[in-house]
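The structure appears below as structure tokens.
As a basis for the values below, the full set of heavy atoms in this structure was taken, side chains included, without hydrogen atoms, waters or symmetry mates.
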Amino acid sequence: QVQLVESGGGLVQPGGSLRLSCAASGSIITFNAMGWYRQAPGKQRELVATITSDGSTNYADSVKDRFTISRDKKNTVYLQMNSLKPEDTAVYYCHVLRSPLWGQGTQVTVSS
């Protein structure tokens with residue numbers, strides 16, 4: 001079975017930083033585009049950032065210039081989050097685009 005395991009969430013003050021990781025187990029993901037999504041309480045899940053196998057990236061307007069998505073040679077996907085705001089508070093999910101594969105989600109809370 002292929003699983004996506006996320007880590008790196010936690011509590012951070014406004015203006016702080018966190019780095020989320022998403023590691024594939026059971027197999028590696030080489031040719032699929034990957035994405036980070038987030039869902040806040042009472043809100044719909046929204047796309048945060050995507051990255052292709054070639055490294056091309058796209059971001060939601062709300063996180064541009066603050067978040068950076070990347071992937072390494074071991075097919076671990078990262079989301080570097082800087083200048084965090086309270087409105088970034090959500091459960092963040094890793095996703096293999098065009099597939100039913102999702103991570104379990106990791107909580108990010110931005111609060112003073």
Side-chain angles (χ1 to χ4, degrees):
Q1 294 181 338
V2 176
Q3 291 183 309
L4 304 177
V5 180
E6 297 165 318
S7 61
L11 174 65
V12 65
Q13 293 185 337
S17 298
L18 286 173
R19 189 192 191 198
L20 307 183
S21 299
C22 173
S25 63
S27 180
I28 64 170
I29 301 170
T30 303
F31 301 108
N32 294 90
M34 304 288 293
W36 284 97
Y37 291 72
R38 68 186 182 186
Q39 187 167 23
K43 303 290 185 179
Q44 295 184 3
R45 188 170 298 184
E46 64 174 347
L47 179 65
V48 175
T50 62
I51 185 167
T52 69
S53 60
D54 294 330
S56 179
T57 60
N58 290 101
Y59 299 91
D61 289 342
S62 59
V63 306
K64 282 186 176 180
D65 302 320
R66 298 189 300 117
F67 291 11
T68 302
I69 188 172
S70 62
R71 64 197 301 170
D72 63 20
K73 297 179 180 180
K74 299 180 180 180
N75 272 109
T76 298
V77 183
Y78 305 94
L79 186 68
Q80 178 67 46
M81 304 184 293
N82 298 326
S83 301
L84 283 162
K85 305 174 180 179
E87 50 263 46
D88 295 318
T89 296
V91 178
Y92 285 70
Y93 299 89
C94 184
H95 175 53
V96 181
L97 298 183
R98 304 179 186 181
S99 88
L101 297 176
W102 291 85
Q104 82 286 354
T106 184
Q107 177 70 48
V108 172
T109 302
V110 185
S111 177
S112 59

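From R71, atom CZ reaches atom SG of C22 across 10.0 Å, with rounding to the nearest 0.5 Å. Atom-to-atom distance recorded for L79:CG and L18:CG is 9.5 Å, nearest 0.5 angstrom. Atom CZ of R19 is separated from atom CE of M81 by 11.5 Å, given to the nearest 0.5 angstrom.
Applying the ring-ring contact (aromatic ring centres under 6.0 Å, His included) test to pairs two or more places apart or on separate chains, those with a residue in residues 82-112 are Y37-H95, Y37-W102, H95-W102.
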Please assess L11 against S111 for the test side chain to side chain contact (heavy atoms under 4.5 Å, CB included), listing each intermediate value before the final yes or no. CA-CA 7 Å; L11 174 65; S111 177; 4.3 Å; yes
- Message: Please evaluate residues L20 and V108 with respect to the criterion side chain to side chain contact (heavy atoms under 4.5 Å, CB included), reporting the C-alpha separation (whole Å), side-chain torsions for both, the decisive distance (0.1 Å), and the verdict.
- Response: CA-CA 9 Å; L20 307 183; V108 172; 4.0 Å; yes
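Within 6.0 Å of the CG atom in D65, the count of heavy atoms belonging to other residues, nucleotides or ligands does not exceed 12.
Between S83 and S17, the shortest heavy-atom distance links the atoms N-OG, 4.3 Å. Taking every heavy atom of both residues into account, S112 and P14 meet most closely at N-CD, 3.7 Å. Shown here for T76 and S21, the closest heavy-atom pair between the two residues is CG2-CB, 4.4 Å.
M34 and Y78 fall into different hydrophobic clusters, where Ile, Leu, Val, Met, Phe, Trp and Tyr residues are linked whenever their side-chain heavy atoms come under 4.5 Å apart, directly or through other members. One hydrophobic cluster holds both V48 and I51 under the rule that ILVMFWY side chains link at heavy-atom gaps under 4.5 Å.
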Could you list the donor-acceptor pairs under 3.5 angstrom formed by side chains in residues 54-63, with sequence neighbours left out?
from	atom 1	to	atom 2	distance (Å)
Y59	OH	I69	N	2.9
S62	OG	R38	NH2	3.4

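With hydrogens and angles disregarded, a donor-acceptor distance shorter than 3.5 Å links the side chain of E6 to the backbone of G105. At least one donor-acceptor pair under 3.5 Å links the side chain of T89 to the backbone N or O of V110.
A search for side chain to side chain donor-acceptor pair (under 3.5 Å) contacts involving R66 returns D88, not counting sequence neighbours.
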